[in-house]
Amino acid sequence: MNRQVIAAPDGAPPAGCYSPAIRAGDLVFISGQGPLDPATGRVVPGTVAEQTTLTLTNLAAIAEAAGGSLSDAVKITVYLADIADFAEFNTAYAAVMPSPPPARTTVAAGLNGILVEIDAILHLPGEAR
């Protein structure tokens, strides 16, 4: 099986030794995305709702670069710096995600300088684009 690296043309560069996304067959595995300004690669401060919206925008840009969209997401994992922010996060998430939403897991995590990080698995049937 071929592995194809996917990156959004105007997306923030990875902050470490990883690919923004990998396509393997019909699946696209998008690495954890955060509230980064794609032009500078810097964290954009804000509320958990604001950071969630920006993070989903960054995730959508990579999905689009792979030839898909958030509608193709089958599994999302969300990492919150503080699980007490869940309600605010969930409202912002629901405003952006298509219906029906994908399967999702949300966990509290020791994030460094951000309030939310989100990764995704997309299903894109057909040949690699």
Open item on the list: Could you list the cluster mates of Ile22? Members are the ILVMFWY residues connected by side-chain heavy atoms closer than 4.5 Å, either directly or through other members.
Closed with: Val5
Going by atom type alone, with no hydrogens or angles, which donor-acceptor pairs under 3.5 Å involve a side-chain atom of residues 7-15 and a protein atom two or more places apart or on another chain?
none

Open item on the list: Within this structure, what is the CG-OG1 distance for the pair Asp85 and Thr52, rounded to the nearest 0.5 Å?
Closed with: 8.5 Å
Open item on the list: Do Asn90 and Arg104 have side chains that approach each other closer than 4.5 Å (heavy atoms only, starting at C-beta)?
Closed with: yes
Task: From Glu50 atom CD to Thr55 atom OG1, the distance as rounded to the nearest 0.5 Å - done: 11.5 Å
TODO: To the nearest 0.5 angstrom, please state how far the CG atom of Asp37 sits from the CZ atom of Arg42.
DONE: 9.5 Å
TODO: Can you tell me which residue pairs pass the side-chain hydrogen bond (donor to acceptor under 3.5 Å, both in side chains) test with a partner in residues 93-102, sequence neighbours excluded?
DONE: none
Task: Cluster overlap Val78 with Leu36, hydrophobic side-chain contacts below 4.5 Å - done: no
- [ ] Return the set of residues passing side-chain hydrogen bond (donor to acceptor under 3.5 Å, both in side chains) with Thr40 (not counting sequence neighbours), or none when no residue passes.
- [x] none
- [ ] State, to 0.1 Å, how close Leu115 and Gly46 come at their nearest heavy-atom pair, and which atoms those are.
- [x] CD1-O, 3.4 Å
Task: Euclidean distance, Ile121 CD1 relative to Ile30 CD1, rounded to 0.5 Å - done: 10.0 Å
TODO: Could you pull out the closest heavy-atom pair between Arg23 and Asp26, with the gap in Å?
DONE: NH2-CA, 4.1 Å
- [ ] Enter the distance from Glu88:CD to Thr47:OG1 here, rounded to the nearest 0.5 Å.
- [x] 4.5 Å
Task: Cluster companions of Tyr18 among Ile, Leu, Val, Met, Phe, Trp, Tyr (side-chain spacing under 4.5 Å) - done: none
TODO: Just jot down the side-chain hydrogen bond (donor to acceptor under 3.5 Å, both in side chains) partners of Asn58, sequence neighbours excluded, or say none.
DONE: none
- [ ] Spell out, yes or no, whether Phe29 and Leu124 are grouped together once hydrophobic residues are joined by side-chain heavy atoms under 4.5 Å, including indirect joins.
- [x] no
TODO: Quick one: closest heavy-atom pair of Phe89 and Val48, and the distance?
DONE: N-CG1, 3.9 Å
Open item on the list: My understanding is that only residues two or more places apart in sequence, or in another chain, count here; which of them pass side-chain hydrogen bond (donor to acceptor under 3.5 Å, both in side chains) with Thr53?
Closed with: none
TODO: Output the rest of the hydrophobic cluster of Val44: all Ile, Leu, Val, Met, Phe, Trp and Tyr residues reachable through side-chain heavy-atom contacts under 4.5 Å, sorted by chain and number.
DONE: Leu54
Task: side chain to side chain contact (heavy atoms under 4.5 Å, CB included) against Leu111, all qualifying residues, sequence neighbours excluded - done: Tyr79, Ala81, Ala109, Ile114, Glu117
TODO: Mind checking the OG-CD1 spacing from Ser31 to Ile118? Nearest 0.5 Å is all I need.
DONE: 13.5 Å
Atom pairs and distances, side-chain donor-acceptor, residues 60-75, under 3.5 Å, sequence neighbours left out:
{"residue": "Ser69", "atom": "OG", "partner": "Ser71", "partner atom": "N", "Å": "3.1"}
{"residue": "Asp72", "atom": "OD2", "partner": "Ser69", "partner atom": "N", "Å": "2.9"}
{"residue": "Lys75", "atom": "NZ", "partner": "Thr105", "partner atom": "OG1", "Å": "2.7"}

